[in-house]
**Q** 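Pasting a structure here, questions to come.
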Amino acid sequence: MKSEPETRIVKGKDVSFGITDLQAMENSTSQWDGVRNYKARNYMRDEMKLGDKVLFYHSNCKVPGIAGIATVVREGYPDYTAFDPGHPYYDPKSNQDTPKWFMVDIKLEKKLDRVLPLSELKQYRELREMVLVKQGRLSVQPVRQSEYNFIMALL
DNA sequence: GCCAACGTTGGC
DNA sequence: GCCAACGTTGGC
């Protein structure tokens with residue numbers, strides 16, 4: 001899951017969020033609101049299950065890379081920020097009866113001692129097929145078990 | 001339903 | 001700030 005720790009201005013409001021922000025939340029837990037992409041939504045709504053591990057990624061910043069490990073602590077439910085006209089993530093096409101956007105809650109498990117940079121991840125043959133490396137542009141994306149294991153072994 | 005125009009993402 | 005890759009919109 002990608003977060004943007006440095007720069008994220010939506011409708012004039014700073015909605016940036018990084019691993020230290022997650023750490024500062026009660027129980028190191030946060031809802032993952034604001035995702036407005038169908039593929040990313042489908043993963044959160046349909047695929048992500050309680051206890052699933054999450055690679056917490058820092059994007060669009062000085063050193064893009066994996067910053068920590070988190071866990072899914074609540075499965076997909078409607079992203080209510082889309083219902084609020086005053087909210088930066090407001091979407092008039094979504095409402096209580098037929099919610100268009102979904103989110104999960106995640107809890108920080110471990111903040112890495114150093115960010116594992118994308119530039120390094122790109123160098124490993126074992127990660128050649130990783131969505132992050134191949135496609136990049138998708139804010140919530142699946143990680144293969146083998147890729148996850150490989151990355152864990154790097155830490 | 002096609003596809004051109006436009007908007008966004010995100011590494012560099 | 002640039003720009004390539006990807007996503008969305010809307011006229012036809």
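Chain letters run A, B, ... following the sequence lines, proteins first, then strands; residues in each count from 1.
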**Q** What does Lys122(A) touch in the nucleic acid at a heavy-atom separation under 4.0 angstrom: a base, only the sugar-phosphate, or nothing?
**A**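 If one applies the 4.0 Å heavy-atom cut-off, Lys122(A) turns out to touch the sugar-phosphate alone, with no base involved.
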**Q** Check the distance between dG7(B)'s P and Asn37(A)'s CG and give it to me in whole angstrom.
**A**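 Interatomic distance, CG of Asn37(A) to P of dG7(B): 18 Å.
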**Q** Quick one: Asn42(A) CG to dG7(C) P, roughly how many Å, whole number?
**A**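 It works out to 12 Å between those atoms.
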**Q** Can you measure Lys134(A) atom NZ to dG11(B) atom C1' for me and round it to whole angstrom units?
**A**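 To the nearest whole Å, that distance equals 18 Å.
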**Q** Could you state the CD-C1' distance from Glu6(A) to dG10(B), rounded to the nearest angstrom?
**A**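 The answer, rounded to whole Å, is 13 Å.
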**Q** Can you establish whether the number of heavy atoms outside Asp14(A) located under 6.0 Å from its atom CG is more than 12?
**A**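 Correct, the count exceeds 12.
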**Q** Please give, in whole Å, the distance from dT9(B) C1' to Tyr57(A) OH?
**A**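 In whole Å, dT9(B) C1' lies 12 Å from Tyr57(A) OH.
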**Q** Donor-acceptor pair, distance only, cut-off 3.5 Å: does the side chain of His58(A) make one with the backbone of Gly18(A)?
**A**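 Side chain of His58(A) to backbone of Gly18(A): no pair is present.
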**Q** What's the verdict on side-chain hydrogen bond (donor to acceptor under 3.5 Å, both in side chains) for Asp84(A) and Thr81(A), showing C-alpha distance, side-chain angles and the deciding distance?
**A** CA-CA 6 Å; Asp84(A) 175 5; Thr81(A) 64; over 6 Å; no
**Q** If you find the nucleotide of DNA chain C closest to Lys39(A) and the one closest to Asn60(A), which residue's nucleotide is nearer the 5' end?
**A**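 Whichever sits nearer the 5' end wins; that is Asn60(A).
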**Q** Grab the CG-C1' distance between Leu138(A) and dG11(B) for me, whole Å please.
**A**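 Result: 16 Å.
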**Q** Near Lys49(A) NZ, under 6.0 Å, is it more than 12 heavy atoms from other residues, nucleotides or ligands?
**A**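 Atom NZ in Lys49(A) is crowded, with more than 12 foreign heavy atoms closer than 6.0 Å.
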**Q** If you count every heavy atom of other residues, nucleotides or ligands that lies below 6.0 Å from Phe17(A) atom CZ, does the total exceed 12?
**A**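 It does: Phe17(A) CZ has more than 12 such atoms within range.
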**Q** Just the rounded figure in Å: distance from P of dT8(B) to CG of Asp91(A).
**A**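 Those two atoms, CG and P, are 13 Å apart.
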**Q** Closest to the Tyr38(A) side chain: dT8(C), dG11(B), dG7(C)?
**A**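 Given the options dT8(C), dG11(B), dG7(C), the side chain of Tyr38(A) is closest to dT8(C).
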**Q** Among the nucleotides dG7(C), dG10(B), dT9(C), which one has an atom lying closest to any side-chain atom of Lys93(A)?
**A**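 Of dG7(C), dG10(B), dT9(C), dT9(C) is nearest to the side chain of Lys93(A).
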**Q** Could you check how far CD of Gln141(A) sits from P of dA5(C), rounded to whole Å?
**A**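 Whole-Å distance recorded here is 18 Å.
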**Q** Does a side-chain N or O of Gln135(A) approach OP1 or OP2 of dG7(C) to a distance below 4.0 Å, or not?
**A**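 Yes, because at least one side-chain N or O of Gln135(A) sits under 4.0 Å from OP1 or OP2 of dG7(C).
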**Q** Look at the side chain of Lys2(A) and decide which nucleotide, out of dG10(B), dA5(C), dG11(B), has an atom nearest to it.
**A**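 Comparing dG10(B), dA5(C), dG11(B) against the side chain of Lys2(A), the answer is dG10(B).
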